[in-house]
Amino acid sequence: MTAGDGESEVGRLDRWFGARSASGFGGLLTAIFALGWTQRHLVVPALVAAIIMAALALAPPLMLAHLIDVVFPASPAAAVVAVGVGIACIAGMDGAWSLARRALAARAGLRLRRDVLTPAFAAVLRLPADHALAGDQGLLGRTFEEVERLAQGATEGLLEFSLAVGMIVVLAAAMLYVSTPVGLAVIAIVAVLAALHAVLARHLRRREAAWFEARSRYWSHIVEAIAYAGTVRFNSAHRFAEERFSERLDTDLDAHLAVIDMSTCLDAAGRFAGGLIIAAIAVVGGLRVVQGAMSVGDFVLFLSVGGSLSVPVLALVKAFDDFQAMMISAARLSALAQAPCEDIPSDAPAMRRTPGRLEVDGLTFSYPGAQARVLSDLSCVFEAGEKVARVGPSGIGKTTLASLIFAARHADSGKITLDSVPLGDIPLAELRQRIVVVPHEIDVFTASVADNIALGVVPADLDDVVQAATLACIDTEIRALPQGYDTLLGQGGVELSAGQKQRLGIARALLRRPGILVLDESTSALDLATERRVLDALIGRLRDTTIIAITHRASVVERMDRTIHVAEARDRLPVSGLNKSMIKR
């Protein structure tokens with residue numbers, strides 16, 4: 001990746017979640033440490049706080065042992081009070097360091113979410129139209145949901161893991177120092193617990209992956225059902241939508257339950273290990289007290305340390321389980337990071353949008369997995385500034401040609417040139433500014449009318465927006481809305497009709513004044529009178545712009561200078577230009 005914020009963002013995602021993060025536990029740790037390092041000014045102090053907390057964990061048991069073995073026999077009240085005050089002070093310090101650790105970790109985690117979400121979103125926007133991930137809304141949504149888990153893992157999870165390991169090392173070392181048999185017994189129990197998790201890690205990870213897929217399909221259906229609620233109503237398909245929802249919800253819940261079952265069993269094993277530690281101390285330590293080989297104070301020390309040890313052991317178990325889930329999250333982000341992306345910077349400078357001569361030579365295209373070709377040896381020329389209608393039966397590849405001209409897809413063979421330069425040799429950001437496509441279905445964002453028209457034009461002058469809307473014959477209807485051009489559209493706002501959306505899309509194109517404009521059935525929802533006014537305004541405003549109208553409507557063909565007709569697949573040959581009189585006959 002080179003210049004441009006968008007490119008650098010995508011490149012940053014690849015550096016974090018490239019092929020390494022999909023290669024097991026080591027790759028995950030590499031990605032987590034790389035993420036944590038970006039917020040090191042917060043993570044390192046939090047890590048220091050965790051280390052201090054681990055060291056402080058040994059102080060209260062030592063002071064209690066001293067109280068029993070030394071202070072109680074001498075019976076000095078002042079010493080008892082001093083020990084109590086000392087333990088209280090240590091508790092205060094532990095609480096203060098815990099507060100600092102959690103506060104720093106929380107801030108680092110929130111900033112990491114932004115650090116990961118921003119490049120991930122940039123990568124999604126740049127996925128090629130024909131890539132498998134581009135149309136999988138559920139999988140992409142679930143991937144974004146998992147960013148929070150990774151951000152927590154790179155901050156809070158990493159600190160909890162460090163704190164747990166540190167406390168286990170400190171407390172186990174203290175046990176070994178005071179009583180080697182008891183210390184070895186405790187270390188053996190922790191080792192057996194770690195081995196159990198290592199053995200079951202793959203099974204847990206497999207269940208996490210199954211849950212991820214099930215949750216993705218579940219969310220995909222929710223998004224589709226809400227987005228296509230009108231289709232559900234028009235076709236009385238409520239039963240279909242509800243049954244599919246129920247089916248996918250059940251699959252999601254079953255997959256989630258499978259993860260919970262194994263995690264619960266591992267948690268129970270951790271708690272059992274904590275109980276075994278106390279039991280080992282009670283048996284081994286108790287026998288040594290009876291035999292006179294250990295003082296009562298040392299026995300209490302062991303009990304306190306053993307009780308304290310169960311907490312980091314359980315935390316270590318939880319951290320290990322979380323790492324298995326994070327491996328799935330990292331793998332999904334890795335798939336996104338490794339996917340090809342369009343080379344378009346977010347802050348691409350404004351280009352000179354001059355008309356150009358567009359030549360299509362021997363173009364052949366078929367969709368992945370399809371046996372039949374959509375386009376076969378297609379050749380045609382669009383001269384600079386001319387207005388051309390492209391007509392033909394449905395399924396003949398008219399819209400496909402628009403996506404190829406816009407470089408949203410790439411031909412199997414043949415080439416398209418703009419002013420004799422192959423499209424592949426023109427920077428994509430420049431190409432997308434010189435060529436604008438207005439589809440027949442216009443998407444409306446949750447934003448004001450003005451923002452929807454000025455989409456991508458920064459800065460946009462309101463007078464220019466109003467002028468574009470006026471030429472598109474929608475200004476009067478916009479002014480009739482509750483807040484005029486400030487009226488909120490989309491979710492929670494005003495819903496526009498299909499014809500109003502198409503005119504809004506044409507207003508977007510007018511505002512950009514492109515060198516080449518592709519109208520893909522962009523007036524299909526308009527009545528003939530409105531269509532004529534819109535096309536007259538469009539052609540008058542964009543006199544020098546090359547306009548390619550993909551249409552079935554004779555009323556549009558009449559407004560164009562020339563017509564290109566494509567025959568049925570069985571008769572498909574290089575197309576030729578036909579004049580209006582031939583089309584009318």
Kindly say whether [Y] contributes a backbone atom to a donor-acceptor pair with the side chain of [X] at under 3.5 angstrom?
{"X": "S216", "Y": "F212", "value": "yes"}
{"X": "R432", "Y": "A407", "value": "yes"}
{"X": "R40", "Y": "W37", "value": "yes"}
{"X": "R126", "Y": "A122", "value": "yes"}
{"X": "H238", "Y": "R233", "value": "no"}
{"X": "T264", "Y": "I260", "value": "yes"}
{"X": "S236", "Y": "V232", "value": "no"}
{"X": "S403", "Y": "T400", "value": "yes"}
{"X": "D252", "Y": "A214", "value": "no"}
{"X": "S246", "Y": "E242", "value": "no"}

Side-chain H-bond candidate by donor/acceptor type, S334 with Q338, under 3.5 Å: yes
Closest non-hydrogen atom pair between [X] and [Y], with its separation:
{"X": "P312", "Y": "A164", "result": "O-CB, 3.4 Å"}
{"X": "A255", "Y": "W211", "result": "CB-CA, 3.5 Å"}
{"X": "A335", "Y": "L133", "result": "O-CD1, 4.0 Å"}
{"X": "A411", "Y": "L404", "result": "N-CD2, 3.6 Å"}
{"X": "S295", "Y": "V289", "result": "O-CG2, 4.0 Å"}
{"X": "A447", "Y": "N452", "result": "O-ND2, 3.4 Å"}

F144 atom CZ, neighbour heavy-atom count above 12 within 6.0 Å: yes
Other residues, nucleotides, ligands: >12 heavy atoms within 6.0 Å of Y367 OH: yes
Worked check of side-chain contact (heavy atoms from CB on, under 4.5 Å) between R244 and E224: CA-CA 11 Å; R244 183 176 245 196; E224 288 177 352; 4.2 Å; yes
Pairs flagged by side chain to side chain donor-acceptor pair (under 3.5 Å) wherever residues 41-51 is involved - sequence neighbours left out: H41-R111
Using 0.5 Å steps for rounding, measure from the [atom1] atom of [X] to the [atom2] atom of [Y].
{"X": "R217", "Y": "I222", "atom1": "CZ", "atom2": "CD1", "result": "13.5 Å"}
{"X": "H203", "Y": "R207", "atom1": "NE2", "atom2": "CZ", "result": "9.0 Å"}
{"X": "L104", "Y": "R107", "atom1": "CG", "atom2": "CZ", "result": "7.5 Å"}
{"X": "T143", "Y": "L117", "atom1": "OG1", "atom2": "CG", "result": "11.0 Å"}
{"X": "L64", "Y": "D69", "atom1": "CG", "atom2": "CG", "result": "11.0 Å"}
{"X": "C89", "Y": "L56", "atom1": "SG", "atom2": "CG", "result": "11.5 Å"}

Verdict with supporting geometry, T251 and Y218, side-chain contact (heavy atoms from CB on, under 4.5 Å): CA-CA 8 Å; T251 303; Y218 162 71; over 6 Å; no
Going by heavy atoms in the side chains, are [X] and [Y] under 4.5 Å from each other?
{"X": "S448", "Y": "L489", "result": "no"}
{"X": "L127", "Y": "C341", "result": "no"}
{"X": "H221", "Y": "L249", "result": "no"}
{"X": "V80", "Y": "L67", "result": "yes"}
{"X": "D115", "Y": "L35", "result": "no"}
{"X": "L196", "Y": "V192", "result": "no"}
{"X": "V43", "Y": "T38", "result": "no"}

Test log, rule side-chain contact (heavy atoms from CB on, under 4.5 Å), inputs L176 and I187: CA-CA 9 Å; L176 284 172; I187 292 173; 3.5 Å; yes
Working for side-chain contact (heavy atoms from CB on, under 4.5 Å), residues S366 and D412: CA-CA 7 Å; S366 57; D412 301 333; 2.9 Å; yes
Salt bridge (Lys or Arg N to Asp or Glu O under 4.0 Å) pairs, two or more places apart, involving residues 77-106: R101-E156, R101-E160, R102-E156
